[in-house]
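A short worksheet on the structure shown next.
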Amino acid sequence: MLEDKHILITGASSGIGRATAIECANQGAFVYLAGRDKSALTATKQMIPNSSILEYDVTVESEVKAAFACIAKSDHTLDGVVNCAGQMLDAGIAMTRVEDFNQQLQINTVSTFLHCQLAARMMTRQRQGSIVNLCSAVGEQGSAGQSAYAASKAAVSGLTLSLSKELGNLGIRVNAVSPGFIDTPMTAEYRGEKKQNVLQHSALKRAGSAEEVASVITFLLSSKASYITGQIIGVDGGLRV
Ligand code: NAD
């Protein structure tokens with residue numbers, strides 16, 4: 001599905017990002033593995049020979065720009081970007097400082113905006129490209145004790161929809177996936193009853209796997225999804241049914 005495509009994936013060192021990198025490579029893509037954790041990225045790279053590591057913090061503008069400059073220097077097009085890097089703050093409003101709220105916005109929202117902006121510049125020259133952002137069922141439905149995270153992800157939904165309208169006539173598609181409860185390091189602290197409380201609200205009554213999200217992202221990156229843009233696709237086991 002992704003033969004000869006070059007795809008940048010942030011947060012490729014674990015969870016959904018790593019699973020997406022592996023699936024994209026399985027489908028023939030060359031993958032830029034972006035993240036902060038060099039040793040975890042190296043472990044991902046060992047599974048994907050057709051890849052290259054870009055070690056940077058997605059919240060540092062100069063580092064993000066340097067990464068895109070590095071990609072631009074290569075002779076390749078940038079066909080797809082997946083904004084997987086993220087962090088989830090579990091804290092009631094009384095315990096959420098403005099600093100914490102800003103940090104959630106920086107990691108989940110501003111970094112996604114910046115990657116979309118820089119990707120759009122390159123993809124505009126190519127007149128083609130596909131961007132996939134990571135929203136969350138929490139951002140669409142709300143979740144007690146996660147207001148900062150929910151707000152940061154709801155903003156990504158608005159960003160995705162707006163960019164799909166702005167960039168569509170340039171041949172750039174912009175979509176998002178909105179996972180429910182997925183077993184990854186991000187949700188590892190949810191166990192036992194706490195986990196079951198979340199899962200009982202889903203139709204399938206189980207957690208999803210990173211691979212189940214990765215396959216949808218990979219489809220959205222591919223030409224098989226060539227008429228799909230401006231969609232926020234729930235991969236949530238029926239959490240909103
Ligand atoms: P994860 O913790 O395994 O992955 C997040 C990745 O982001 C990690 O590799 C981490 O190192 C990286 N990261 C965090 N801050 C960074 C920074 N400043 N610079 C560079 N990299 C940074 O969790 P995951 O579940 O794979 O999450 C992937 C995305 O999916 C996130 O955006 C998350 O909000 C979203 N999501 C996850 C779930 C879920 O249930 N797991 C549900 C909805 C949405």
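Since the model is a prediction, treat every value here as computed from it, not as a measurement. By convention here, the first residue in the shown sequence is residue 1.
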Legend entry - Spacing of Lys45 atom NZ and Lys38 atom NZ [to the nearest 0.5 Å]: 11.0 Å

Legend entry - Side chain Thr77, main chain Asp79, donor-acceptor under 3.5 Å: no

Inset, instruction - Search all heavy atoms of Pro179 against all heavy atoms of Val213 and return the closest pair with its distance. - result: CG-CG1, 4.2 Å

Inset, instruction - Indicate the atoms forming the closest heavy-atom contact of Asn108 with Ser152, along with that distance. - result: ND2-OG, 3.1 Å

Inset, instruction - Specify the closest pair of heavy atoms between Cys135 and Ser157, including all atoms of both residues, with the distance to one decimal. - result: SG-OG, 3.5 Å

Inset, instruction - Please say whether more than 12 non-hydrogen atoms of neighbouring residues, nucleotides or ligands are located less than 6.0 Å from NZ in Lys73. - result: no

Inset, instruction - Identify the heavy atoms of Ile48 and Ile22 that sit nearest to each other, and give their distance. - result: CD1-N, 3.7 Å

Legend entry - No-hydrogen, no-angle side-chain donor-acceptor test under 3.5 Å, Asn133 and Thr112: no

Inset, instruction - Say whether Glu23 and Gln27, considering side chains only, have a donor N or O and an acceptor N or O under 3.5 Å apart. - result: yes

Inset, instruction - Compare every heavy atom of Ala148 with every heavy atom of Gln104, then report the nearest pair and how far apart it is. - result: CG-CB, 3.9 Å

Legend entry - Mutual orientation of the aromatic rings belonging to Tyr32 and His6 [parallel < 30°, tilted 30-60°, perpendicular > 60°]: tilted

Legend entry - Closest non-hydrogen atom pair, Cys116 against Leu159: SG-CD2, 4.4 Å

